[in-house]
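Hydrogens, waters and symmetry mates are skipped; everything else that's a heavy atom, side chains included, is used. What you see is a predicted model; the values in this text were computed from it and never measured.
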Amino acid sequence: MPGHFEPLPGGGAAVALDDVEISIIRSLAVQLMELIGPGPAEDASGDPLAELFSEGPSEPPSDPVLRRLFPDAYGDPGRPASAEDAEEQRAYSAEFRRYTENDLRAGKRENALAVIRSLDALAPAGEGGAVLELAPEQARRWLGALNDLRLAIGSRLEIGDEDDNDLLLHLPDEDPRKPMVMAYLWLGGLQETLVSTLMP
């Protein structure tokens, strides 16, 4: 079980984590929540209907990590479009973003918060670690958060596709990106084994 998720009887997943791993995941989840920012209800006057009827932004975020987490719904960045098509795609994307981004942000915040809460609730298992056991719903929230963390780190590292993994593995130890690369690859392993445990 160390270093990878295993299925639990009756559903869910478990993984053994040491204190350093717990601290890294928790810190990254907190940073992700700070990056995503507060929701409209947290900014509003406390009216529960305010969140329901609040519109989201229509422009893509300026931060490249947030653009990766909340991409435009229309258009293919790898395929150039005519000026007319590009304008139409921007308009469709703005409309889609206006009505969906608040919910997407709330879901990502909830996933990150679920990670933080489950780590905070861990009881030490001795020798500086603990076994994290997740119910099926918690495991799905963890899966979403792990995906978002990898997207965020990958964006900061300017990772374009999986072919970059070979280059990342061979970075010299003195490269300042090395710690984040190791976190990126490690989270990828956790994500992969968690997906496996949730497969029927």
Side-chain angles (χ1 to χ4, degrees), residues 3-8 10-57 60-71 97-125 129-156 179-180 183-184 186-198:
H4 62 273
F5 280 96
E6 293 184 359
L8 287 173
V15 63
L17 298 170
D18 66 31
D19 288 342
V20 172
E21 292 168 333
I22 292 168
S23 175
I24 290 170
I25 296 172
R26 190 185 190 288
S27 173
L28 290 172
V30 167
Q31 290 175 54
L32 181 65
M33 284 189 65
E34 290 171 354
L35 181 66
I36 292 169
E42 296 166 53
D43 293 334
S45 61
D47 179 2
L49 294 177
E51 181 180 6
L52 207 62
F53 295 106
S54 65
E55 290 185 1
S62 59
D63 186 302
V65 174
L66 290 175
R67 275 199 310 272
R68 187 93 177 258
L69 292 172
F70 305 103
R97 186 178 295 281
R98 183 177 296 117
Y99 294 108
T100 61
E101 188 166 312
N102 284 343
D103 287 341
L104 292 173
R105 282 180 183 259
K108 291 180 185 301
R109 269 192 306 276
E110 288 168 16
N111 290 344
L113 189 56
V115 167
I116 294 165
R117 286 180 174 156
S118 60
L119 292 175
D120 287 349
L122 281 176
V131 175
L132 174 70
E133 294 188 354
L134 302 172
E137 178 58 30
Q138 288 176 303
R140 284 188 284 279
R141 291 207 173 274
W142 262 75
L143 191 56
L146 287 172
N147 186 62
D148 289 341
L149 289 173
R150 289 194 78 236
L151 285 173
I153 294 170
S155 180
R156 289 286 188 240
M180 287 310 292
Y184 175 80
W186 172 60
L187 291 172
L190 283 176
Q191 182 182 16
E192 189 176 319
T193 59
L194 184 52
V195 167
S196 298
T197 66
L198 298 176

* Structure fact -> Taken in chain and number order and not counting sequence neighbours, the residues that satisfy side-chain hydrogen bond (donor to acceptor under 3.5 Å, both in side chains) with S27 are Q31
* Asked: Quick one: CZ on R109 to CD1 on I36, what's the gap to the nearest 0.5 Å?
  -> 7.0 Å
* Structure fact -> d(N147 CG, L194 CG) to nearest 0.5 Å is 11.0 Å
* Asked: Is there any salt bridge (charged side-chain N to carboxylate O under 4.0 Å, His left out) pair reaching into residues 20-35, and which pairs are they, with sequence neighbours excluded?
  -> R26-D120
* With rounding to the nearest 0.5 Å, note down the distance linking CG in L187 to CG in D148. => 11.5 Å
* Inter-residue atom distance I25.CD1 - W186.CH2, 0.5 Å rounding -> 3.5 Å
* Would you call L113 and M33 a side-chain contact if the rule is heavy atoms closer than 4.5 Å? -> yes
* To do: Begin with the C-alpha distance, continue with both residues' side-chain angles, and end with the deciding distance and a verdict on side chain to side chain contact (heavy atoms under 4.5 Å, CB included) for V115 and L149.
  => CA-CA 11 Å; V115 167; L149 289 173; 5.9 Å; no
* Asked: Just how far is it from atom CG of L190 to atom CG of L17, taken to the nearest 0.5 Å?
  -> 7.0 Å
* Asked: Does NZ or CZ of R97 fall inside the cone over F70's six-membered ring, less than 6.0 Å from its centre and within 45° of the axis?
  -> no
* To do: Quick one: pull up CD1 in I24 and CG in L119 and give me the separation to the nearest 0.5 Å.
  => 11.5 Å
* Which pair of heavy atoms, one from T197 and one from P7, lies closest together, and at what distance? -> CG2-N, 3.5 Å
* Using atom types as modelled and distance alone, determine if a side-chain donor or acceptor of R150 lies under 3.5 Å from a backbone N or O of Y184. => yes
* List in chain and number order the residues that pass side-chain contact (heavy atoms from CB on, under 4.5 Å) with R156, two or more places apart in sequence or in another chain; answer none if no residue qualifies. => L35, D63, P64, V65
* Please report the C-alpha distance between R105 and L66 in whole Å, then the side-chain angles of each, then the deciding distance to 0.1 Å, and finally whether the side chain to side chain contact (heavy atoms under 4.5 Å, CB included) criterion is met. => CA-CA 10 Å; R105 282 180 183 259; L66 290 175; 4.2 Å; yes
* For S23, all residues meeting side-chain contact (heavy atoms from CB on, under 4.5 Å), sequence neighbours excluded -> none
* Asked: Got more than 12 heavy atoms from elsewhere within 6.0 Å of CZ, R67?
  -> yes
Let me check something: any side-chain donor-acceptor pairs from residues 135-142 under 3.5 Å, sequence neighbours excluded? List them with distances.
{"from": "E137", "atom 1": "OE1", "to": "R140", "atom 2": "NH2", "distance (Å)": "3.4"}
{"from": "Q138", "atom 1": "OE1", "to": "A135", "atom 2": "N", "distance (Å)": "2.9"}
{"from": "R141", "atom 1": "NH1", "to": "N111", "atom 2": "OD1", "distance (Å)": "2.8"}
{"from": "R141", "atom 1": "NH2", "to": "E110", "atom 2": "OE1", "distance (Å)": "3.4"}
{"from": "W142", "atom 1": "NE1", "to": "S118", "atom 2": "OG", "distance (Å)": "2.9"}

* Asked: Are T193 and V15 close enough that some pair of their side-chain heavy atoms sits under 4.5 Å apart?
  -> no
